[in-house]
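Below: the structure, in structure tokens.
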Amino acid sequence: MVRMIELAGLTKRYGEKVAVNNLTFTVRPGIVTGFLGPNGAGKSTTMRMMLGLDRPTAGDVRIDGKHYDQLKDPLTYIGALLDAKAMHGGRSAFNHLLCLAQSNGIPTKRVHEVLDTVGLTAVAKKKAKGFSLGMGQRLGIAGALLGDPRILMFDEPVNGLDPEGIHWIRNLMKSLAAQGRTVFVSSHLMSEMALTADHLVVIGQGRLLADTSMADFIARNSRSYVRIRTPQRERLLDVLHAAGVTVVETGNGTLEVDGSKSEYIGELAAQHQLVLHELSPQQASLEEAFMQLTAESVEYHAHSDTPVDAPLPPQQQWGDGWKGK
Ligand code: ADP
Ligand code: MG
């Protein structure tokens, strides 16, 4: 069994609005794949189509080569946490899971197991509507785990959780992937994905912007540079130019030099008896890189009437035009 999710040209329109625009990518087993995009990018719509809850306008999603409707005992293939608030609030946590188990031919024993996994055993008899957001998310996750599925999908699981809950979910996803399962998780936060995902699929305005390993994304985007402040700006610029060092002058009176050459710059300044007020190695944040990547997609769409199936313009393709300044 391959346990892959394959999207091919997946598209969803709501009237004029193109929520998901020609997405093609594959989610693989054994790793956590992060599905990253700003609010409104089309993540939830994509996930609903994966589960057969929404019909694609065009294109296709397959789970192990099949459509969701064609899966026998779907809960044993794929478990999903979509919207924690959609739960039946009047039932106890135990009864909620028991109903789900019984209607899917899953033994009651399994209900106890998943309650234990998510740490809700002590409150299993309490009504779910009294649950905190974090407990609700845990119950949703228990439901996703119920069929012991090989594929798991979580839509913004850490939204509104406290740090302890976030930490718990992050470790759970990693351990599920380590067991060889396929884990697909969405977020609008780059910082969250950086800590959780091994692979990254980025979308903006429904379009695919990046499909890359996390390590590759970090290597491409954590630009290191040296920030310099000096009261002798003109003289330092002359010295750096003479030494063949490329300098970027920022608007706020600081200078930036790419790479990590702070020692070299400090020594050059000393040789010429120049005063430095700051000489600090810096790392551009991944959040910045993500904002720039998706900002381009927003800008592009704001200024064009390009039809849905038009190819991406070159400046929108991965890795071009948004590295550094
Ligand atoms: P995300 O989960 O990334 O925040 P969504 O998939 O929820 O994004 O939404 C993508 C876009 O599709 C948004 O512009 C949203 O307003 C729109 N959309 C989502 N569902 C519907 C719907 N049922 N009817 C009309 N528009 C929708
Ligand atoms: Mg969403």
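Values in this document were obtained by computation on a predicted structure and should not be read as measured data. Both ligands and their constituent atoms are indexed starting at 1 by order of listing.
For atom 14 (O) of ligand 1, the closest heavy atom belonging to the protein is K17 CE, 3.0 Å. In terms of protein heavy-atom proximity, atom 10 (C) of ligand 1 is closest to G40 O, 3.4 Å. Scanning the protein heavy atoms around atom 12 (O) of ligand 1, the nearest turns out to be A19 CB, 3.2 Å. Atom 8 (O) of ligand 1 has its closest protein heavy atom at G42 N, 3.1 Å. Taking atom 7 (O) of ligand 1 as the reference point, the nearest protein heavy-atom neighbour is S44 CB, 3.8 Å.
For ligand 1, the atoms sitting less than 4.0 Å from at least one non-hydrogen atom of N39 are 4 (O), numbered in the order shown with element in parentheses. Taking every heavy atom of R48 and a limit of under 4.0 angstrom, the matching atoms of ligand 1 come to 20 (N).
No side-chain heavy atom of L276 sits under 4.5 Å from any side-chain heavy atom of R229. Residues L139 and H96 meet the side-chain proximity criterion, which asks for heavy atoms closer than 4.5 Å. The shortest side-chain heavy-atom distance between L152 and L176 falls under the 4.5 Å cut-off.
Screening residues 158-169 for side-chain hydrogen bond (donor to acceptor under 3.5 Å, both in side chains), with sequence neighbours left out, gives H167-N171.
For F154 and F35, the gap between ring centers reaches or exceeds 6.0 Å.
In this structure, T11 OG1 and D60 CG are separated by 11.0 Å, a value rounded to the nearest 0.5 Å.
For the Mg ion (ligand 2), the count of nearby protein N/O/S atoms, taking only those under 2.8 Å, is 1.
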